[in-house]
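I have placed the structure first, in the form of structure tokens, so that the comments after it can refer back to it.
Throughout, protein chains are lettered first and strands after them, A, B, ... in sequence-line order, and every chain is numbered starting at 1. Only heavy atoms go into these numbers, but all of them, side chains included; no hydrogens, no water, no symmetry mates.
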Number of protein chains: 2
Amino acid sequence: MSTFPTLRVDRSSPVPLYHQVAEQLERSIVDGVLKPGERIVNEVALADTLGLSRPTMRQAISTLVDKGLLVRKRGVGTQVVQSQIRRSVELTSLNDDLLAGGRAPHTLVLRLELIESDETASRQLQLAAGDPVWAVERVRFVGDEPLALMCNRLPASIVDLSVVDLSLTGLYAQLRASGVHVRVAHQTISSRRATSYEARLLNERKGSPLLTMDRTAFDDKGRAIESGSHVYRPDLYSFEVTLVDR
Amino acid sequence: MSTFPTLRVDRSSPVPLYHQVAEQLERSIVDGVLKPGERIVNEVALADTLGLSRPTMRQAISTLVDKGLLVRKRGVGTQVVQSQIRRSVELTSLNDDLLAGGRAPHTLVLRLELIESDETASRQLQLAAGDPVWAVERVRFVGDEPLALMCNRLPASIVDLSVVDLSLTGLYAQLRASGVHVRVAHQTISSRRATSYEARLLNERKGSPLLTMDRTAFDDKGRAIESGSHVYRPDLYSFEVTLVDR
DNA sequence: AACATCATTATGTCAGGACAAAGCCTTGAC
DNA sequence: GTCAAGGCTTTGTCCTGACATAATGATGTT
């Protein structure tokens with residue numbers, strides 16, 4: 001009677017079982033096999049048919065609940081959220097975002113130099129004043145249109161940017177390649193008028209509204225590894241956020 | 001040698017054990033008892049001293065990892081993130097946010113009426129065109145300053161707003177009181193110029209930059225229950241988002 | 001002195017079971 | 001016919017136990 005998708009797990013795979021299940025469920029949802037509002041089979045039965053334990057099955061479902069794709073209700077069941085927007089913000093650089101969107105971006109590096117940390121950078125990166133930091137300033141293009149102006153500061157002790165080509169790969173890709181794993185980022189999103197400098201670089205008028213994002217990123221040791229001040233053209237960019245309660 | 005905080009659990013309390021532990025750990029972190037960069041006691045030992053099982057202890061730590069307060073690294077341990085900004089966005093209404101901030105806000109209700117759903121609302125709320133929806137329009141003040149202009153649409157079948165006083169409580173509080181539990185919200189944040197209408201209401205100039213937030217919210221049955229279009233004065237409001245990888 | 005190997009430590013994954021609590025529906029009393 | 005009581009389903013919480021895997025530092029070899 002039910003058209004519930006057939007799930008499979010490969011126990012010889014290095015991919016965790018809960019992740020395998022979560023991926024298949026997610027694909028079923030975005031592909032429309034599981035329709036918005038539909039109730040999925042209960043945890044116990046699902047674990048049973050897959051030969052998994054209930055905690056493992058539960059962990060799989062939990063990842064999709066955290067992503068905002070499913071909602072659970074005690075005594076009732078688990079249902080697909082009735083939403084058509086499925087993309088959520090992941091912790092990636094803008095570069096990855098745009099590549100995923102199909103349009104190949106490119107980057108103009110305006111500045112890349114080693115400077116002494118000013119007060120702002122020292123506070124955000126938890127450094128002593130005067131410690132060496134990288135100062136990076138870039139303009140991101142999509143096609144021929146400038147999209148964002150990005151100013152970043154990174155502790156020089158973390159990574160050596162002198163040899164990298166930031167016009168080809170994103171900052172986060174470079175960090176990954178250097179063995180730095182970004183785990184947490186705090187972002188503050190707001191808006192303000194463009195300065196004349198920003199307006200010139202972004203092909204806008206002075207005073208036009210810009211979307212601003214200030215970010216501090218941390219690695220898997222809890223160290224602050226990057227602080228950034230980005231401004232975006234709001235007609236070309238927006239932030240997608242999914243909030244989940246409980 | 002270590003000044004690790006003493007944790008306690010009350011097994012007679014209805015509050016889940018993992019939640020009790022998570023709360024105490026979080027308080028220790030924000031109070032500075034656990035300092036940024038500090039490594040916390042490993043899961044097994046911590047579970048042991050509290051008389052808990054490891055999964056329960058792990059669940060407690062996981063909530064703080066998801067909040068961006070802790071980072072875990074296999075083979076190494078769990079450390080406090082070196083950040084000073086600790087507040088994160090929860091899934092609450094603006095009202096709750098501001099109340100928590102100490103400043104008592106008030107609200108001016110410009111419009112509250114039952115209309116036939118237009119195409120936009122029908123799509124976002126998954127309704128048939130012409131279905132009755134509530135149209136709400138409000139201005140939120142902080143002190144004497146207007147902060148935000150909020151337009152919302154809600155299916156009339158979900159809640160009866162004709163009897164409520166939205167100038168006293170927030171929309172989400174009213175939904176809770178009506179037995180509707182908001183679980184998931186998708187938000188899109190961007191920016192644009194103020195229209196003359198918005199400028200007049202928000203005490204700004206026409207064309208000045210505004211922070212925009214478009215939201216669709218879902219309840220614990222996965223139903224779309226609210227869609228909102230809010231504009232904020234960027235000098236008075238910003239969004240804080242914490243992203244966590246893995 | 002440089003390098004590979006191994007042991008240690010901590011988190012990551014998974015099993016299988018138990019009871020609690022919330023929602024919903026059926027049943028039964030009035 | 002209405003309402004309350006009780007039973008069923010399903011998720012929420014918690015337990016004990018086990019092995020896998022990544023990171024680190026110590027050890028031993030060349």
Please determine if [X] and [Y] form a salt bridge, counting it only when a charged side-chain N lies under 4.0 Å from a carboxylate O.
{"X": "A:Arg183", "Y": "B:Asp245", "value": "no"}
{"X": "A:Glu226", "Y": "A:Arg215", "value": "yes"}
{"X": "A:Asp31", "Y": "A:Arg27", "value": "no"}

Length of the line joining [X]:[atom1] and [N]:[atom2], which is rounded to integer Å:
{"X": "B:Gln20", "N": "D:dT13", "atom1": "CD", "atom2": "P", "result": "12 Å"}
{"X": "B:Arg58", "N": "D:dT13", "atom1": "CZ", "atom2": "C1'", "result": "17 Å"}
{"X": "B:Lys73", "N": "C:dT9", "atom1": "NZ", "atom2": "P", "result": "19 Å"}
{"X": "B:Ile61", "N": "C:dG12", "atom1": "CD1", "atom2": "P", "result": "9 Å"}
{"X": "A:Leu17", "N": "D:dT21", "atom1": "CG", "atom2": "P", "result": "12 Å"}
{"X": "B:Leu46", "N": "C:dT9", "atom1": "CG", "atom2": "P", "result": "18 Å"}
{"X": "B:Leu52", "N": "D:dG17", "atom1": "CG", "atom2": "P", "result": "15 Å"}
{"X": "B:Asp10", "N": "D:dC14", "atom1": "CG", "atom2": "P", "result": "12 Å"}

OP1 or OP2 of [N] versus the side-chain N and O atoms of [X]: is any pair under 4.0 Å?
{"X": "A:Thr56", "N": "C:dA15", "result": "yes"}
{"X": "B:Arg54", "N": "D:dT16", "result": "no"}
{"X": "B:Ser53", "N": "D:dG17", "result": "no"}
{"X": "A:Tyr18", "N": "C:dC14", "result": "no"}
{"X": "B:Arg11", "N": "D:dC15", "result": "yes"}
{"X": "A:Arg72", "N": "D:dG12", "result": "yes"}

**Item:** Minimum-distance nucleotide to A:Pro55 side chain [options: C:dT11, C:dA15, D:dT10]
**Value:**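 Nearest to the side-chain atoms of A:Pro55, counting from C-beta on, is C:dA15.
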**Item:** Options C:dA22, C:dT11, D:dC14, nucleotide nearest the side-chain atoms of B:Glu43
**Value:**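 Output: C:dT11.
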**Most 5' of B:Gln59 and A:Asp220 on DNA chain D, judged by nearest nucleotide** =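 The residue whose closest nucleotide sits nearer the 5' end is B:Gln59.
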**Asked** Does the side chain of A:Thr216 pick up a donor-acceptor pair with the side chain of A:His186 at under 3.5 Å?
**Response**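 The criterion, which ignores hydrogens and geometry beyond distance, is not satisfied for A:His186 and A:Thr216.
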**Prompt:** Just checking, any donor-acceptor pair under 3.5 angstrom between side chains of B:Thr188 and A:Ser238?
**Reply:**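 On atom types as modelled, these side chains do not qualify, holding no pair under 3.5 Å.
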**Item:** Along DNA chain C (nearest heavy atom to each residue), the more 5'-positioned of B:His181 and B:Gly77
**Value:**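 The answer here is B:Gly77.
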**Prompt:** Toward the 5' end of DNA chain C, which comes first, A:Arg74 or B:Val76, by nearest nucleotide?
**Reply:**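 In this pair, the answer is B:Val76.
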